[in-house]
Amino acid sequence: MAKEPKKNNYSASSIKILEGLEAVRKRPGMYIGSTDATGLHHMVWEIVDNSIDEAMTGNASSIFVTITNLGSVRVQDDGRGIPVEKHAKTKKSTVETVLTVLHAGGKFDNDSYKVSGGLHGVGASVVNALSSWLKVWVYKDYVEHFIEFKDGGKPVADLKVINNKSKVKTGTIIEFYPDFEIMEKAEFDSTIIKNRLKQLAYLNKGIKIVFFDERNNDKQEYLFAGGIKQWVEELNAEKEPITNDVIYIEHEEDVKAANNKSKYNIKVEVAFQYNKTYTPSTFTFCNNINTTEGGSHEEGFKFAIQKVINKFAVDKKLLKDTEEKISKDDAIEGLTAIVSIKHPNPQYEGQTKRKLGNSEVRQFVTNTVSQIFTKYLLENPEDTNNIIKKCMLAMEARKKSFEAREATRRKSPFESNSLPGKLADCSTKDNEVSELYIVEGDSAGGSAKLGRDRIFQAILPLRGKIINVEKTKSERIFANEEIINLITAIGAGVGPEFKIDKLRYNKIILMTDADVDGSHIRILLLTFFFRYMQPLLEHGNVYIAQPPLFKFSVGKSFKYAYDDKTLEDFKKENNKVKYQIQRYKGLGEMNPDQLWETTMDPKNRILLKVTIEDALAADKSFSLLMGDDVAPRREFIEKNAKYVKNLDI
């Protein structure tokens, strides 16, 4: 007998209308990106951005961010305070409205906020929706108001006055504890929060931002009178500048929009300085948000730099009008720059919303930068000569390295006849599952080749340490055999031509010894990836393998210890029996079976994913670790030794 079809009524009752903040709790990813640690910290940014917006209007000068012992985050500012009077539409206090109604915020009123970061009024209510509890204190003319929300934004009671004679004149305090039934359980990371707060202090000169972590009494204060100019000085601290000053530009203007119907008041702030390195470091922002994919403001800036330098090179008879001109890449070699735009109506391109699309910004930035840069070069002839000389050398180096780059290009992602001879490739052509192990030395490479699963694991042994790209001219980099082997094996190109969709392997795994040389090789490889294949790190394709440090044997049974603590635990568990400990000094000491079992078998191995949370912090770290000056490198290691095991660089 045939089964009766399952009833699947699709009627009006099937359509669920999510009221208020319930929509956020059902689909948190739509509002905050993710529910993992990134989303958790995004909750902090949303509240901090509201305080920054107050400061950008000139109504706040200090912001305090605290991670409490409870695991909550408290953000306080001395701004105007969220309005407390009843809202005409909701009949509730404006504080409650802002925190419980999506798209209810002052950022839709051009008179309240000219520009703003965050989610344009959505931010605070989304944080409330994803919190187990959230408390708000608002200060208006020394009167303190309070309201509390629980279980995803439900008010405990109406807003009430709790102190008529407060010592605080105006301001807002918001404290929240995430709802870990929705958000993944994780702790707030003070390093991530400090990096972002420091960034905000640079981008908004003169604003004091104080961070305090009650868990370990860590207190940091950020206040930069020099703003982004001071930031470029810090980024260039481990590099050797070739100009006397950081060139700084600040300009505000009413600019006609691309549709010719609107006018926007746009402010641009730019700081840049050349140094003796061979890699550019350009970082762009719109309304304090890092536009990691650039966009019209970056294009306008780079076009202005290229145009002005070519004009001066021709005027000085260093280039003829008929000759090949200095390219954009030549013009920005060794340039550290920060471009910050404040725009009342930013339009973003792409899924990540990290590329600015406003076309009116491009011409505005080009005109502004061209004018000020030209004036600087006319007034500083020595700097002019140094800059043009560097760009001309970059142009020559580009021509020399062109053939080397061409040699590393692949016609298709899996054209095996052009792969390096030392590469033991995998048999699968599916780059969703394939892995490339970059292994230190032929000995470990031999063990890895014999121990691997050759269906999906490829092995590329490196001979010694690769070249330090931080201090090497591009033509030498692309003539280096180990670099060419790396680029060819990975198969996605290099530098501006790098295409992530051409990647031959889903995972690029660095497998080096747990000693000084192994650590140094890892840093050299990561520096190369950061400078020439940055999308690998942005997309999370790079991993560090964690081989065991010890083999702990009792009779015929044994276990592996990957750190000193685990070894001590094994000792305590077996303190009444005889045991043996073998320390692995290098991967070559393991036979193929052991290497597979401990470090390459997906069921047992430990891999650390390498990502860039903050490209600016990474830029400074790589400059410091790979630069000539030993003193800051030693200071970095001493500061971080307690956080990082086996940090030997």
Side-chain angles (χ1 to χ4, degrees), residues 43-67 73-85 93-95 97-99 104-125 127-128 134-147 159 163 166-176 193-194 196-212 219-228 230-231 250 252 265 267 269 285-289 340 342-344:
M43 293 173 77
V44 181
W45 312 152
E46 289 302 333
I47 303 300
V48 170
D49 281 346
N50 288 338
S51 295
I52 288 288
D53 290 339
E54 273 292 276
M56 278 172 24
T57 61
N59 290 296
S61 59
S62 300
I63 299 166
F64 297 84
V65 180
T66 305
I67 304 176
V73 168
R74 184 166 59 245
V75 180
Q76 177 175 1
D77 66 55
D78 59 356
R80 292 168 290 183
I82 303 170
V84 293
E85 54 272 8
S93 70
T94 307
V95 176
T97 302
V98 164
L99 283 150
K107 295 165 193 182
F108 296 100
D109 170 11
N110 286 333
D111 294 330
S112 300
Y113 293 98
K114 280 189 179 179
V115 296
S116 66
L119 289 174
H120 297 281
V122 179
S125 56
V127 174
N128 195 13
L134 182 143
K135 299 175 183 178
V136 187
W137 295 261
V138 176
Y139 300 88
K140 295 276 190 182
D141 293 319
Y142 302 105
V143 176
E144 183 180 8
H145 306 74
F146 176 77
I147 187 168
L159 182 77
N163 188 354
S166 168
K167 290 180 181 177
V168 179
K169 185 180 180 182
T170 60
T172 303
I173 301 173
I174 294 180
E175 183 176 349
F176 70 93
I193 293 174
K194 284 190 288 188
R196 175 63 178 152
L197 296 181
K198 188 177 184 181
Q199 200 176 82
L200 287 168
Y202 273 126
L203 290 164
N204 299 277
K205 60 186 174 186
I207 295 171
K208 182 171 80 172
I209 303 179
V210 181
F211 170 80
F212 183 60
K219 186 175 183 180
Q220 301 288 331
E221 184 175 309
Y222 306 110
L223 174 63
F224 302 112
I228 62 170
Q230 204 172 332
W231 200 357
E250 185 177 10
E252 192 172 340
N265 182 264
K267 181 181 176 183
E269 212 180 341
F285 297 84
C286 180
N287 298 351
N288 297 318
I289 295 168
S340 177
K342 303 284 168 67
H343 196 298

Worked check of side-chain hydrogen bond (donor to acceptor under 3.5 Å, both in side chains) between D78 and T170: CA-CA 6 Å; D78 59 356; T170 60; over 6 Å; no
D53, N204, D49 screened by side chain to side chain donor-acceptor pair (under 3.5 Å) with N288, the one that passes: N204
From CA spacing to verdict: side-chain contact (heavy atoms from CB on, under 4.5 Å), V75, T66: CA-CA 7 Å; V75 180; T66 305; over 6 Å; no
Exercise: identify the closest heavy-atom pair between N50 and A124: ND2-CB, 3.7 Å
Short side-chain to backbone donor-acceptor contact, T94 and E85, under 3.5 Å: yes
From I173 atom CD1 to K135 atom NZ, the distance as rounded to the nearest 0.5 Å: 12.0 Å
Non-hydrogen side-chain atoms of I209 and E221 separated by less than 4.5 Å: no
Non-hydrogen atoms of E54 and G81 that approach each other most closely: OE1-N, 4.3 Å
Euclidean distance, I289 CD1 relative to Q199 CD, rounded to 0.5 Å: 11.0 Å
Inter-residue atom distance R80.CZ - N59.CG, 0.5 Å rounding: 4.0 Å
Full working for side-chain contact (heavy atoms from CB on, under 4.5 Å) between V73 and E175: CA-CA 6 Å; V73 168; E175 183 176 349; over 6 Å; no
Flag side-chain contact, heavy atom, 4.5 Å: S51 against I63: yes
K167 versus Y142, closest heavy-atom pair with distance: O-CE2, 4.0 Å
Distance-minimising heavy-atom pair for S340 and L203: OG-CD2, 3.9 Å
Check against side-chain contact (heavy atoms from CB on, under 4.5 Å), I193 and F211: CA-CA 9 Å; I193 293 174; F211 170 80; 3.8 Å; yes
L200 side, atom CG; F224 side, atom CZ - distance, nearest 0.5 Å: 11.0 Å
I47 CD1 to L134 CG distance, which is reported to the nearest 0.5 Å: 6.5 Å
Listed partners of E250 passing side-chain contact (heavy atoms from CB on, under 4.5 Å), at least two apart: K205, Y248, K267, E269
T172/Q76 under side-chain contact (heavy atoms from CB on, under 4.5 Å): CA gap, chis, key distance, verdict: CA-CA 6 Å; T172 303; Q76 177 175 1; over 6 Å; no
Distance flag, aromatic centroids of F285 and W231, threshold under 6.0 Å: yes
Contacts of S166 that satisfy side-chain contact (heavy atoms from CB on, under 4.5 Å) - sequence neighbours left out: Y139, E144, N163, V168
Q230 side chain near Y202 side chain, heavy-atom distance below 4.5 Å: yes
Residue pair W137 / H145, side-chain heavy-atom distance below 4.5 Å: no
Minimum heavy-atom distance V127-E46, with the two atoms named: CG2-CB, 3.8 Å
K208 side, atom NZ; D77 side, atom CG - distance, nearest 0.5 Å: 13.0 Å
